[in-house]
Engineer: 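Okay, here's the structure, questions in a sec.
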Amino acid sequence: MSIGAILNTAMGSLRANQLALSVASNNIANAQTPGYSRERLITRPAEGLGGLSAGAGVEVLRIQALRSELVDTRLRQETSQKAHYDTLSTTLSDIEVFFNEGEDAGLLLTLSNFFNSFHTLSTDPSSLSFREHVRSNAQLLADALHTRGESLRNIQSMTNTAVAENVASANALLAQIASLTVSINEQEVHQAANELRDQRSSLVRELSKILDVRELESGSDYHLTTSSNRLLVLNGTPMNLSTGSAPSTGFIKVLSGQDDITAELGAGELKANIAIRDQYIPQYLDALDTLAYEIVEEVNSIHAAAFDLDGGTGINFFTPLGSSTGAARLIAMSAAVAGDPRKIAAAKDSAGLNNLAAIDLGNLLHSSVFSGGSVTQQYGNLVFAVGNDVASAASGLRQHEALEHQLEIRRGAISGVSIDEETLQMLSFQRSYEASAKVVRTVDELLQVLLGMGA
Amino acid sequence: MRVTDSNAYRNVLRDLSRIEEKMQVAQMQVSSGKRVSKPSDDPAASSDILRLNGEKSEAQQYFRNIASGQGRLEFADTVLDNVERMVERIRSLGQLSMSDSVNGSLYAVEISGLRDQIVSSANSTYQGKFIFAGSAIEDPPYIVNPDQSVSYQGNTDKVQLQISRTATLQTQVPGSEIFSGPVNIFQCVTDLLTAVNADDQPGIDAQLRKLEQFYENLSVNRSKIGGFVNVAATVENDLRAYQLIRDGDLANIESANLAEALTAFTQNENALKAAAAIGARVAGTSILDYL
């Protein structure tokens, strides 16, 4: 083995250790960068060339990023789930506010005040101020139902807007993922595109918040699909989602190509928003509308058969509604009652003197004539449903947050940077580098000896 | 398992935020005194609370109805007590006139004055409404006609109020059952006047017997009214008892256990301190300190 070969070996070692130092430096620099996977310089002993060879030093193979596809995939799924329950829990909590019932505020109070005002009227049906009391409580009840109906509709239309925003954000991410895929393919002709892959992985995780996606890679083929196998990215081409308007509701539907995929989406913000818009809110609105409608029907049926202060009869207390659709929004006192408190029918005698109808109207508060039992029970069922939905969304959120955390820890253990570890590696590469430099100096001295021989 | 720097921070952060969340729950329970402040805190409990609060406001209306009915009944009783005393006086005046025919005209003047007072008692109002008019409470039930006869304008309704889910309370007895009932007191007194003026002893005697009947009927009605007041008091007591039970139930369901909440708060406060201290130590240890 020639002296030149020793020098070459030492040079190779200097280069390899320097490269290893720069890998460690890069790891330390990115220790807190989200989505970064730590890297390792992969080397092996170079083969010597025949004869009694001492080996040809170190050979640098590649820089490898340490990551686990399995953990990454599961982490993405949990990210989708967590974002799903997060959106559900946040929006449903906003809705819950309207069903917060206290001793001194809430729909229940308005309801009982309304029916109680008929009992107060029964103590003196001739009193105009008691009649006024009934009217103002009826107005408060109508307002309370309107507010809740309107608020639910507002939140519904806000989630509808959120669906469109989700689709736009998803499309923006799809474009970036596709263009990164092109770059990765170009770069990987020469070497591993670790950083680009980290970037793409972060973007896919970002996309997972919006919708549950599946990544499929074999060789240079890269597919990104929804959980129901709709293509989102095919190699370097993004297959954007689009939106249309659903004919029956006027709400936004999500399209992949020509196909409506609104109903088949997996977990994620998008699905959560659709669920709130199409399931949760319509269910609450239905319950509220039914309540309002049955109040109108029950009150009217007693009121129309009774007699007002002037002996008039057949008057509706509330404007009659054809069906429960939109009843919470439409409930209103009839023009007759709203215009003249004398038209409130409290009596069952044609002279309009006694208080028997007022008593019957007041007793509606606890009569089991409503579809859910009494009016309080029926409203209680709705409050229970809302509370239960919020509580299960919150518990789903907690559960998936914990799972995501566990997986983050798993991912951190595999791909995360340990400063202590890198520092020690750095020390050992530094020593190797120093030793290699010493080898160069030694070879230099050997050469000096050889050159001195000739002088 | 490899321990990496970001994992150490991640764990500390998660523990801190979890503990802070628990502290917030405990803090809210302590400051509001309530375990359930929104439906999702306990959905089943919140629908129970709703039912109990509904019953509470229903009961409060019944209390108002009872108070209104009791006021009316007690007022009616006071009026009838007065009437009773006037009738008593008329009776003694009638008896006096039988033994003392000289002063008959004097007695007649007083009897006539008492008759007018009974008419005005029968037209008594409570809070501006006539209490012996049945349900026609807007107009005076008794009208004195030009010929001095008195006629009843009210109706025979016995006004009732709902004072619990199952009980009603009669709050008014129509004048037709008291003043112009089995014995028409006004006719009777007028006839007595005529008899006194004419010094018609058998006539006076006949009217005094009628007066006796009226007196009995009046007593019956007064005991009826007393009975109604008792019913109201009994129902009110029952409602108060239910109210206590309901308040107890509400407190059980809704109220926070302060001792528990405070203990939880303190425990979590300690945990938070410990986690923060450990977190600082994790960040503080590094091999770099020893190189």
Side-chain angles (χ1 to χ4, degrees), chain A residues 31-32 38 92-93 96-97 99-103 108-109 111-113 115-116 119-120 122-127 347 349 351 353-356 359 362-363 365-366 374 376-377 379-381 383-391 394 405 408-409 412-414 416-421 423-424 427, chain B residues 1-11 14 34 36-51 53-58 60-62 64-65 67-69 72 127-129 133-138 155 157-163 165 168 171 250 285-288 291:
Chain A
Q32 301 296 341
R38 76 188 159 108
L92 291 177
S93 297
E96 188 189 15
V97 174
F99 298 98
N100 259 355
E101 292 293 330
E103 240 174 287
L108 172 76
L109 188 79
L111 272 174
S112 38
N113 282 349
F115 289 111
N116 278 340
H119 273 315
T120 304
S122 78
T123 64
D124 181 0
S126 67
S127 161
D349 61 323
L353 292 172
N354 69 30
N355 62 359
L356 297 176
I359 290 177
N363 285 345
L365 180 57
H366 61 77
S374 75
T376 332
Q377 279 169 335
Y379 179 57
N381 293 344
V383 171
F384 175 81
V386 174
N388 208 28
D389 287 345
V390 176
H405 176 74
E408 283 275 18
I409 296 289
I414 296 164
V417 177
S418 158
I419 303 270
D420 286 354
E421 187 183 334
T423 310
L424 287 173
L427 278 178
Chain B
M1 198 169 190
R2 271 181 83 244
V3 177
T4 60
D5 291 74
S6 50
N7 271 3
Y9 287 114
R10 198 171 275 134
N11 275 329
R14 179 175 161 81
K34 284 184 178 174
V36 185
S37 50
K38 52 186 191 303
S40 58
D41 288 341
D42 187 338
S46 68
S47 83
D48 282 345
I49 293 170
L50 196 81
R51 177 178 55 80
N53 275 331
E55 287 177 9
K56 203 166 159 180
S57 83
E58 197 181 322
Q60 272 154 7
Q61 181 63 41
Y62 293 140
R64 285 195 289 273
N65 286 3
S68 159
R72 238 177 268 185
Q127 292 173 344
K129 309 293 170 179
S135 62
I137 55 182
E138 286 289 87
N155 59 30
D157 282 346
K158 295 169 183 165
V159 177
Q160 298 194 327
L161 289 180
Q162 195 80 30
I163 55 164
R165 282 196 181 181
T168 55
T171 63
L250 255 180
T285 14
S286 163
I287 193 153
L288 292 169
L291 291 175

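None of these values were measured; they are calculated from a predicted model. By convention in this document, chain letters (A, B, ...) are assigned in the order of the sequence lines, proteins followed by strands, and residues within each chain are numbered from 1.
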Engineer: For B:Ser68, which atoms come within 4.5 Å of any heavy atom of chain A: side chain, backbone, both, or neither?
Structural biologist: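 Side chain only.
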
Engineer: What part of A:Asn354 gets within 4.5 angstrom of chain B, counting heavy atoms only: side chain, backbone, both, or neither?
Structural biologist: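 Interface part for A:Asn354: both.
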
Engineer: Answer with side chain, backbone, both or neither: which region of A:Val386 has an atom nearer than 4.5 Å to a non-hydrogen atom of chain B?
Structural biologist: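 Contact with chain B involves no heavy atom of A:Val386 at all.
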
Engineer: Who among B:Arg51, B:Glu55, B:Glu58, B:Arg72 has the most heavy-atom pairs with chain A under 4.5 Å?
Structural biologist: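 If we count pairs closer than 4.5 Å to chain A, B:Glu58 comes out on top.
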
Engineer: Picking from A:Asn381, A:Thr423, A:Val417, which has the most non-hydrogen pairs under 4.5 angstrom with chain B?
Structural biologist: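 With the most close heavy-atom pairs to chain B, the winner is A:Val417.
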
Engineer: Out of A:Leu92, A:Val97, A:Leu108, A:Asp349, return the one with the most heavy atom pairs under 4.5 angstrom to chain B.
Structural biologist: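 Answer, by heavy-atom pair count under 4.5 Å with chain B: A:Leu108.
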
Engineer: With a 4.5 angstrom heavy-atom cut-off, which part of B:Ala8 approaches chain A: side chain, backbone, both or neither?
Structural biologist: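 Contact with chain A is absent: no heavy atom of B:Ala8 under 4.5 Å.
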
Engineer: Determine the minimum heavy-atom distance between B:Asn7 and A:Glu408, stating which atoms define it.
Structural biologist: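 What the structure gives for the nearest pair is OD1-O, 3.8 Å.
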
Engineer: Which of the residues A:Leu427, A:Asn355, A:Thr376, A:Asp420 is involved in the greatest number of heavy-atom pairs with chain B at under 4.5 angstrom?
Structural biologist: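 Highest number of heavy-atom pairs under 4.5 Å: A:Asp420.
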
Engineer: Given the options A:Ala391, A:Ser112, A:Ser126, A:Pro125, which has more heavy-atom pairs under 4.5 Å with chain B than any of the others?
Structural biologist: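 Heavy-atom pair counts peak at A:Ser126.
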
Engineer: For the candidates B:Ala45, B:Ser57, B:Gly54, which exhibits the highest count of non-hydrogen atom pairs separated by less than 4.5 Å from chain A?
Structural biologist: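 Of the options given, most contacts go to B:Ser57.
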
Engineer: Please check: side-chain N/O of B:Gln162 versus main-chain N/O of A:Asn363, any donor-acceptor pairing under 3.5 Å?
Structural biologist: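 No, because the side chain of B:Gln162 does not come within donor-acceptor range (under 3.5 Å) of the backbone of A:Asn363.
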
Engineer: Name the member of B:Asp42, B:Thr4, B:Ile137, B:Thr168 that forms the most heavy-atom pairs with chain A at distances under 4.5 Å.
Structural biologist: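 Answer, by heavy-atom pair count under 4.5 Å with chain A: B:Thr4.
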
Engineer: Identify which part of A:Phe115 has an atom lying under 4.5 Å from any heavy atom of chain B, answering side chain, backbone, both or neither.
Structural biologist: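 Contact with chain B involves no heavy atom of A:Phe115 at all.
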
Engineer: Pair B:Lys129, A:Asp124 - check side-chain contact (heavy atoms from CB on, under 4.5 Å), show working.
Structural biologist: CA-CA 8 Å; B:Lys129 309 293 170 179; A:Asp124 181 0; 2.8 Å; yes

Engineer: Heavy-atom cut-off 4.5 Å, strictly under: side chain, backbone, both or neither for A:His405 against chain B?
Structural biologist: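 Contact with chain B: side chain only.
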
Engineer: Between B:Asn65, B:Thr171, B:Ile49, B:Asp48, which residue shows the highest count of heavy-atom pairs closer than 4.5 Å to chain A?
Structural biologist: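 That would be B:Asn65.
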
Engineer: Return the CD1 to CG distance between A:Ile409 and B:Asn11, rounded to the nearest 0.5 Å.
Structural biologist: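 The CD1 atom of A:Ile409 sits 3.5 Å away from the CG atom of B:Asn11.
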
Engineer: At a heavy-atom separation under 4.5 Å, does B:Arg10 approach chain A through its side chain, its backbone, both, or neither?
Structural biologist: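 Both parts, backbone and side chain.
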
Engineer: Between A:Thr120, A:Thr123, A:Leu111, A:Ile359, which has the largest tally of heavy atom pairs under 4.5 Å with chain B?
Structural biologist: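 Heavy-atom pairs under 4.5 Å are most numerous for A:Thr123.
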
Engineer: Taking side chain as everything from C-beta outward and backbone as N, CA, C, O, which of these in B:Leu161 sits under 4.5 Å from a heavy atom of chain A? Side chain, backbone, both or neither.
Structural biologist: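 The answer is both parts of B:Leu161.
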
Engineer: I need the A:Leu365 CG to B:Gln61 CD distance, nearest 0.5 Å.
Structural biologist: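 That separation rounds to 9.5 Å.
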
Engineer: When only pairs under 4.5 Å are counted, which of B:Ile287, B:Val159, B:Leu50, B:Asn155 shares the most heavy-atom pairs with chain A?
Structural biologist: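 Of B:Ile287, B:Val159, B:Leu50, B:Asn155, B:Leu50 has the most heavy-atom pairs under 4.5 Å with chain A.
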
Engineer: Which pair of non-hydrogen atoms, one from A:Gly387 and one from B:Pro39, has the smallest distance, and what is that distance?
Structural biologist: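 Closest pair (atom of A:Gly387, atom of B:Pro39, distance): CA-CB, 3.6 Å.
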
Engineer: Any idea which of A:Val390, A:Asn100, A:Leu356 has the most non-hydrogen atom pairs under 4.5 angstrom with chain B?
Structural biologist: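 Result: the option with the highest number of such pairs is A:Asn100.
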
Engineer: What part of B:Asp5 gets closer than 4.5 Å to chain A, counting heavy atoms only: side chain, backbone, both or neither?
Structural biologist: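 For B:Asp5, backbone and side chain are both near chain A.
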
Engineer: Please report the closest heavy-atom contact between B:Arg2 and A:Ser418, naming both atoms and the distance.
Structural biologist: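 Distance-wise, the nearest heavy atoms are NH2-N, 3.8 Å.
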
